[in-house]
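Computation of the quantities below employed the complete heavy-atom set of this structure, encompassing side-chain atoms and omitting hydrogens, waters and symmetry-equivalent molecules.
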Amino acid sequence: MSHPEQHRGRWRPPLDRPALVALLFGLAGVVYRLVLTVYTVPVSNSDEATFGLAALHIGQGREHPVFLYGQHYMGMVESYLAAPLVALFGPSWPVLRLPMLALYAVFLYLIHRLTRRLCTPWFAAFVVGLLALGPERVVRDQLTVVGGRPEVKPAVLLMLLITVGLAAGTVHRRRLAIGLFGLLVGLAVWSDWLILPYLAVAGLALVWAVRRDLLGWSGLLLVAGTVVGVAPMIVDNLRAGPGDDSLSVFREVSTKTGPLPPWSDRIRGGLLEGVPLAHGLCPVDGCGRWQQWFGVLYPVLLVAGAALAVLAYRRAGRGPRGERVGPVVQLTLVAGAVLTLLSYVRSPLAATSPLDNARYLSVLQLSLPAVLWPLWVAALTAWRGTCSVLGRLAGALSVAVLAALTVAMLVITVLFAATGTAASRTEERQARELAAALRADGPHEVYGDYWTCNRLIFNTDESVICGVLDADLSPGQNRYRPYWRQVGRAARPGYVTEIDSPMDRRLRALLADRADAGPVREVGGYRVYHPDTPVRPWR
């Protein structure tokens, strides 16, 4: 980037034109997401509320969780980031999500810096413009506090920028930079294991860049930083009982019984549904056939990106390592995307539930510069007229693909912003009406389903406590056991059910013949039951 200059009475801005355009795109993306954050769009849920309650407990000094309550593999970095704000302003969804908005802004800044170093300024601005867009599937991964992805993406980008700086010799405190690289690795491993493919290839890039440095104190600092970052996870696993360690629990939740779908179905779900959804080309309810083209093209672009990087590396020959680090990092981004896709399509969920699980591919945004760079190079070469007729044809096709990608993402984003937020706002309003009614008039100890309970507790700042039941009125997934015990001790607990849900129908049948069934009222799409005597059929 250029510096401000005074030349013949004319002031030059501190940013060149591509950087200024990137800044405007980035500000638009942040403001758009700030508005969504204020209105709690996308809608909150009990998974997010669990992180919010953990932030509340951390801010009050009551708990210091390593993993999400009820789990042993999802780190709590996001809860620790939100804890000071929740402690200062009280629990609310905008307050809880503000650190995620800040992480998104950092992500845009870092990917602009990295893309500008590897490619060209105008291409970096174009990438920022694409990432500023976002329909529901994309912004849900960026704004909601559900663990992992918002923080690990900036961490990987910063690791790659450190690698570039070390290879180019622009980082002066090399040992500290390598130690910071290790710290970021450790924090990312603790936070979300989905980023492991990118961490592996980023580590290889670092070894290529500074392999001699790693034989001395720098290597020790790298290891020390990694251990410090992952220390909470190590300590928790040392204390865990048999089968409760992170690896065992993660293997259990990742393994599904039953026949494994064929590779063709898993690849189809991963490429034709997962990739377009993760990049914002489809609405949240799935991709039409006309929107699946990017998934078909994606492997071709990965191969082209790898080929361009190899050619650039060979052209650099035996020149300075700083001239060869760009192609190495581009290969790193391609390899990270390939390994992430392979890991995803190994799971049966890629075939059986691609819509619900496309969120696991949101880290592919890290590789967007490497994926689109071949198209940009072909388009630029054709525009300059320095290629054959075949090259000009390829350039025209590349321009068409880039334009189609931009228009598709823009249209889906506008449709979501204009028409797709109403359902979220309605559901959020109903949840707040329920919380306000119970907070004012009780009951203050209730039973409900999983997707009601922790959101209700968070919305009432723990003035209403909820125990989770399954649809058959048996104990459900109670992530924070003290809540279940508190409701269990209540002399007269209530029930909160969605109107006409399976739990609602079963409870009504159970209470139909009871003279002491007590009052029933409807609030915001829910029924609130308050029997005169406790109703706990599982006992």
Counting N and O atoms only, with roles assigned by atom type, does the side chain of [X] sit under 3.5 Å from a partner on the main chain of [Y], one being a donor and the other an acceptor?
X      : Y      : value
Arg174 : Leu166 : yes
Thr419 : Leu415 : yes
Ser46  : Tyr450 : yes
Glu78  : Gly147 : yes
Asp236 : Pro232 : no
Thr426 : Ala422 : yes
Ser362 : Arg359 : yes
Asn357 : Ala350 : no
Thr460 : Ile457 : yes
Thr413 : Gly134 : yes

What I'd like to find out is whether the side chain of [X] reaches to under 4.5 Å of the side chain of [Y], using heavy atoms alone.
X      : Y      : answer
Leu143 : Val41  : no
Arg324 : Trp208 : yes
Ile162 : Val171 : no
Gln477 : Cys453 : no
Glu462 : Leu53  : yes
Cys466 : Tyr483 : no
Val43  : Arg140 : yes
Glu428 : Arg455 : yes

Atom pair [atom1] ([X]) and [atom2] ([Y]), whose distance is rounded to the nearest 0.5 Å:
X      : Y      : atom1 : atom2 : answer
Leu187 : Met233 : CG    : CE    : 12.5 Å
Leu456 : Arg439 : CG    : CZ    : 10.5 Å
Leu133 : Tyr32  : CG    : OH    : 8.5 Å
Thr452 : Leu434 : OG1   : CG    : 7.5 Å
Thr144 : Leu36  : OG1   : CG    : 11.5 Å
Leu222 : Leu180 : CG    : CG    : 10.5 Å

Output yes when Lys153 and Asp141 qualify as a salt bridge under the 4.0 Å nitrogen-oxygen rule, no when they do not. no
Begin with the C-alpha distance, continue with both residues' side-chain angles, and end with the deciding distance and a verdict on side chain to side chain contact (heavy atoms under 4.5 Å, CB included) for Phe25 and Leu108. CA-CA 10 Å; Phe25 282 152; Leu108 282 187; over 6 Å; no
Side chains of residues 290-308: which donor-acceptor partners sit under 3.5 Å, not counting sequence neighbours?
residue, atom, partner, partner atom, Å
Gln291, OE1, Gly288, N, 2.7
Gln291, NE2, Leu281, O, 3.4

Using side chain to side chain contact (heavy atoms under 4.5 Å, CB included), reason through Thr332 and Met159 one step at a time and then give a plain yes or no. CA-CA 12 Å; Thr332 298; Met159 290 160 58; over 6 Å; no
Closest non-hydrogen atoms of Met74 and Val146, given as atom of the first, atom of the second and distance, are CE-O, 4.1 Å
Verdict with supporting geometry, Val127 and Trp373, side chain to side chain contact (heavy atoms under 4.5 Å, CB included): CA-CA 10 Å; Val127 169; Trp373 180 235; over 6 Å; no
Quick check: Tyr69 with Tyr480 (ring centres under 6.0 Å apart)? yes
Ring centers of Trp193, Tyr73 separated by less than 6.0 Å: no
What do you reckon, is CZ of Arg62 surrounded by more than 12 foreign heavy atoms closer than 6.0 Å? yes
Would you sort out whether Tyr198 and Ser367 count as a side-chain hydrogen bond (donor to acceptor under 3.5 Å, both in side chains), showing the intermediate values? CA-CA 10 Å; Tyr198 280 94; Ser367 298; 2.6 Å; yes
Walk me through it: do Met100 and Arg33 pass the test side chain to side chain contact (heavy atoms under 4.5 Å, CB included)? CA-CA 10 Å; Met100 303 304 101; Arg33 285 160 177 80; over 6 Å; no
Could you name each residue pair satisfying ring pair (Phe, Tyr, Trp, His ring centres under 6.0 Å) that touches residues 125-184, not counting sequence neighbours? Phe126-Trp376
